[in-house]
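To start, the structure itself, in structure tokens.
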Amino acid sequence: MKDRLKDIERARKEKVLSKKVYHLEKELVSVLEGMEKTGIKLNINFLKALSKKLNSRIQELEKKIYKLAEAQFNINSSQQLSEILFKKLKISAEGLKKTPGGVVSTAAPELQKLKGKHKIIDSVLEYRELMKLKTTYVDALPKLVDDRKRLHTTYHQLGTTTGRLSSSDPNLQNIPARGEWGQEIRKAFIAEKGYKLLSADYSQVELRIAACLAKDKKMIQAFKENQDIHKITAAEVNNIPLVKVTPEMRFQAKALNFGVLYGMSVNGFAEASGVSWKRAKEFIDEYINDFSGIAKYVEQTKKEVKKKGYVETILGRRRYLPQIKSPDFRVRQASERMAINMPIQGTSADIMKVAMIKLAKKLPREARLLLQVHDELVLEVKENKIKKAAEIVKDVMENVLNQPIFKEVKSILKIPLKVDIKVGNNWGKMDYV
DNA sequence: CGCATACGCGCC
DNA sequence: AAACGGCGCGTTTGCG
């Protein structure tokens with residue numbers, strides 16, 4: 001026993017869990033144990049080959065970087081890299097952040113700003129990317145499989161302040177997904193012979209929940225009509241018709257919507273969307289104008305956390321934020337952002353946890369839960385049961401708010417949940433069903 | 001030698 | 001001027 005029950009009891013005593021959430025968490029224990037024990041199969045040979053490909057490209061980049069720097073150094077050392085870029089090569093560090101240690105930062109977003117200033121930048125960025133993938137995933141994961149080549153994570157049920165699960169040893173919630181290399185790595189996660197992998201993910205859950213908690217009419221309407229929410233947002237903030245929205249506008253609108261979930265600040269949004277501080281301010285003001293419910297939710301949440309000292313999800317999972325009374329306004333602001341985010345992220349976690357419990361009860365034996373990645377579940381299903389499993393998974397996840405535990409709060413969550421189901425022989429290439 | 005920190009970065 | 005939320009892990013660096 002992994003002390004999960006003890007953690008749950010402790011959290012209940014500390015008034016983090018309402019009675020409902022307490023019972024929910026207790027039911028989840030055996031579900032997680034099953035998932036950990038089952039594990040997911042890894043294609044070791046595939047990763048070995050991938051490792052070689054990555055290695056040859058990394059070698060090339062290394063040579064190139066040494067040549068451009070006219071020096072050999074440890075590219076993996078941010079300190080040495082900073083020295084080379086800004087002292088030896090004299091690349092201007094103007095407008096770049098410094099690390100708390102006082103060195104010019106070489107983090108990816110900073111290096112992006114230097115693209116075009118020196119040929120070495122592109123090579124360093126690619127080197128970093130490939131090195132990360134190789135060491136953290138491609139080389140590390142094969143060492144951890146059991147005799148059936150299956151990988152077993154440990155889920156931490158109350159390891160986060162919002163109610164999300166976390167995963168460690170290994171963390172299977174941060175397996176690469178983007179880019180061509182990311183896709184390749186996911187192809188190494190495979191189904192047992194005679195089985196397929198089935199992935200089910202909630203579409204835009206957090207934004208749907210935010211719209212509901214904020215009772216924002218416009219946003220709720222958009223989701224009810226199954227519209228492209230970022231596109232709608234773009235049309236609203238630019239005061240133009242939908243058809244005139246450009247990809248650039250949509251990108252900025254997306255950053256605005258994410259900003260809501262994270263407790264938007266002008267700087268954060270400017271940074272994320274690449275617009276000036278002034279433009280960012282204008283965008284946010286317009287957004288607040290258009291989505292007045294969201295603005296009200298933000299203000300009300302700030303007021304509430306100041307008064308009560310905590311915020312909570314729709315099921316009564318709490319996060320205490322004593323720092324909200326800090327004399328340092330930056331610390332206070334940070335607490336405000338956490339307060340805004342927690343009920344949204346936490347409610348999403350509540351919903352997923354309930355769905356998992358229900359699924360564990362309802363699925364046939366030939367379908368087993370393997371992974372949870374916050375808004376996504378990955379299952380391994382016997383080929384002849386795919387259709388059946390897909391139906392059950394979609395039905396349970398989309399209709400989870402009809403479960404008795406949500407009875408008293410159902411009137412708040414008015415937006416239908418949408419789930420996309422995909423099936424494939426591996427996690428990297430899957431087809432919608 | 002092992003351990004803690006800083007830094008950077010993968011995911012949602 | 002300003003770190004928009006939540007995680008875990010590999011490498012480097014400094015320490016005992």
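Lettering follows sequence order; numbering is per chain, from 1. Keep in mind it's a predicted model, so treat the numbers as computed, not measured.
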Next item on the list: List the atom of A:V393, the atom of A:L359, and the distance in Å for their closest heavy-atom pair.
Entry: CA-CD2, 3.8 Å
Notebook entry, point to check: Any donor-acceptor pair under 3.5 Å between the side chain of A:R164 and the base of B:dC12?
Noted result: yes
Check: Considering every strand shown, what is the Watson-Crick or G-U wobble mate of C:dA3 when both distances are under 3.5 Å?
Finding: none
Next item on the list: Indicate, with a heavy-atom threshold strictly under 4.0 Å, whether A:Q333 touches base, sugar-phosphate, or nothing.
Entry: nothing
Next item on the list: Answer with yes or no whether the side chains of A:Y155 and A:E33 bring together a donor and an acceptor at under 3.5 Å.
Entry: no
Next item on the list: Before accepting this row, confirm whether a basic side-chain N of the pair A:R10/A:E25 lies closer than 4.0 Å to the acidic partner's carboxylate O.
Entry: no
Notebook entry, point to check: On a whole-Å scale, what distance lies between the C1' atoms belonging to B:dG8 and C:dA3?
Noted result: 15 Å
Notebook entry, point to check: Side chain of A:A140: nearest nucleotide among C:dT12, C:dG10, B:dC11?
Noted result: C:dG10
Note to self: Which label fits A:W427 and A:F189: parallel for a plane angle under 30°, tilted from 30 to 60°, or perpendicular past 60°?
What the structure shows: perpendicular
Note to self: Please pick, from C:dG6, C:dG10, C:dC4, the nucleotide with the shortest atom-to-atom distance to any side-chain atom of A:N267.
What the structure shows: C:dC4
Notebook entry, point to check: Touch check for A:A272, heavy atoms < 4.0 angstrom, all strands: base, sugar-phosphate only, or nothing?
Noted result: base
Checklist line | C:dC4 phosphate, OP1 or OP2, under 4.0 Å from A:S265 side-chain N/O | finding: yes
Checklist line | Separation of the P atoms in C:dC4 and B:dC12, to the nearest angstrom | finding: 22 Å
Check: Is the phosphate of B:dG8, meaning OP1 or OP2, less than 4.0 Å from a side-chain N or O of A:S105?
Finding: yes
Item checked: Distance test, side-chain N/O of A:R319 to OP1/OP2 of C:dG6, below 4.0 Å -> yes
Checklist line | Spacing of the C1' atoms in B:dC3 and C:dC9 (rounded, Å) | finding: 16 Å
Check: Is the base of C:dG8 touched by the side chain of A:N171 through a donor-acceptor pair closer than 3.5 angstrom?
Finding: no
Note to self: Just to verify, which of A:E312, A:R337, A:R317 counts as forming a side-chain contact (heavy atoms from CB on, under 4.5 Å) with A:M342?
What the structure shows: A:R317
Notebook entry, point to check: Are A:N174 and C:dC7 close enough that a side-chain N or O sits under 4.0 Å from OP1 or OP2?
Noted result: no
Check: What nucleotide, of C:dC7, B:dC9, B:dC12, holds the atom closest to the side chain of A:R128?
Finding: B:dC9
Note to self: For a quick test of reading the model: is some side-chain N or O of A:T161 closer than 4.0 Å to OP1 or OP2 of C:dC7?
What the structure shows: yes
Item checked: Short side-chain N/O contact from A:R178 to OP1 or OP2 of B:dG10, under 4.0 Å -> no
Check: Which value, rounded to the nearest 0.5 Å, describes the distance between A:L197 atom CG and A:R186 atom CZ?
Finding: 11.0 Å
Item checked: C:dG8 OP1/OP2 closer than 4.0 Å to side-chain N/O of A:S166 -> yes
Next item on the list: May I ask you to verify if any side-chain N or O of A:T106 is less than 4.0 angstrom from the OP1 or OP2 atom of B:dG8?
Entry: yes
Next item on the list: For B:dC9, give its Watson-Crick or G-U wobble partner with both distances under 3.5 Å, or none.
Entry: C:dG8
Checklist line | Out of C:dT11, B:dG10, B:dC12, whichever nucleotide has its closest atom nearest the side chain of A:Y137 | finding: B:dG10
Notebook entry, point to check: What does B:dC1 pair with, Watson-Crick or G-U, if both distances are under 3.5 Å?
Noted result: C:dG16
Next item on the list: Establish, with yes or no, whether the OP1 or OP2 oxygen of C:dG6 is under 4.0 angstrom from a side-chain nitrogen or oxygen of A:Q173.
Entry: no
Note to self: Rounding to an integer number of Å, can you tell me how far A:D328 CG sits from C:dA1 C1'?
What the structure shows: 14 Å
Note to self: Less than 4.0 angstrom between a side-chain N/O of A:R337 and OP1 or OP2 of C:dG5, yes or no?
What the structure shows: yes
